[in-house]
Amino acid sequence: MTDDLSVAVIRARRPEDLPACVEILAEVHRRDAYPVVWPQDPAGWLDQPTAIGSWVAADRTGRVLGHASLSPDASDPARIWAAHTGDDASRAATVSRLFTSPSARGLHLGERLLTETVTAALERGLHPVLGVLDQHAGALGFYQRAGWLRLETVDFRLSDGSIVPMHCFTHPPRQT
Ligand SMILES: CC(C)(COP(=O)(O)OP(=O)(O)OC[C@H]1O[C@@H](n2cnc3c(N)ncnc32)[C@H](O)[C@@H]1OP(=O)(O)O)[C@@H](O)C(=O)NCCC(=O)NCCS
């Protein structure tokens, strides 16, 4: 399935994209243990009611290949960023639910989805932050490659009650 992927687009997610997003998420869960605990309502997990926006990568036939969201929630990374900068946590926006189809990796779709969320945050005067679980080594490498900076590691409670380390990242300040 490598045809046409060079012309994949990043666009706002539509309600009818959700089943395809859930299908890819199930593959990502099996392969990468993301999310670690499979949600009872995966479509609801992706469709966060407070999200500022959600985007998909799609090939020219419309097939969905990846997903990302941006949320204004008072997450741990937002709180840690606020503590480090003296800014208010409400001025941070959290990148979340970012994944690409295992069959479309290494094609810069993850990078393009990340850029889309960062742009959406900056356009609203919000500072992008995110959290990555320690066990998601691939994602850690990906964000570090993109220049994100790790601020702190905190304990994160999964939905099954277990506690795991989560690294809190901040988007680097814009070069002026
Ligand atoms: C992390 C993820 C989104 C990356 O998606 P992708 O589409 O394969 O990444 P891209 O092709 O956009 O990669 C962009 C750059 O990051 C690099 N990169 C990608 N994965 C990497 C990794 N595991 N380690 C180091 N660098 C990596 C690429 O080599 C590329 O660099 P280059 O420009 O020098 O070639 C994907 O691996 C994924 O869905 N992982 C599982 C879900 C997950 O853990 N999500 C994060 C939750 S916080």
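First listed ligand is number 1; within each ligand, the first listed atom is number 1.
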| note | The residue among L140, L130, T170, V132 that forms side chain to side chain contact (heavy atoms under 4.5 Å, CB included) with W148 is L130

| query | Which pairs, with at least one residue in residues 84-121 and sequence neighbours excluded, count as a ring pair (Phe, Tyr, Trp, His ring centres under 6.0 Å)? | reply | H67-F99

Does ligand 1 have any N/O pairs with the protein under 3.5 Å, and how far apart?
residue	atom	partner	partner atom	Å
ligand 1	5 (O)	T100	OG1	3.3
ligand 1	7 (O)	T100	OG1	3.4
ligand 1	7 (O)	G110	N	3.0
ligand 1	8 (O)	G106	N	3.0
ligand 1	11 (O)	G106	N	3.4
ligand 1	11 (O)	L107	N	3.3
ligand 1	11 (O)	H108	N	2.8
ligand 1	12 (O)	G110	N	3.3
ligand 1	12 (O)	E111	N	2.8
ligand 1	23 (N)	G138	O	3.0
ligand 1	31 (O)	R145	NE	3.2
ligand 1	33 (O)	H108	NE2	2.9
ligand 1	33 (O)	R145	NH2	3.1
ligand 1	34 (O)	R145	NE	2.9
ligand 1	34 (O)	R145	NH2	3.0
ligand 1	35 (O)	H108	NE2	3.4
ligand 1	39 (O)	T100	N	2.9
ligand 1	39 (O)	R105	NH2	3.3
ligand 1	45 (N)	L98	O	2.8

| task | Please identify each residue that fulfils side chain to side chain contact (heavy atoms under 4.5 Å, CB included) with H29, with sequence neighbours left out. | result | P35, W38

| request: Check side chain to side chain contact (heavy atoms under 4.5 Å, CB included) between A137 and all other residues, then give those that pass, not counting sequence neighbours. | output: none

| message | Please check this pair: side chain of R79 against backbone of A89, looking for a donor-acceptor N/O pair closer than 3.5 Å. | response | no

| request: Please answer whether the main-chain N or O of I52 pairs with a side-chain N or O of R124 as donor and acceptor at a distance below 3.5 Å. | output: no

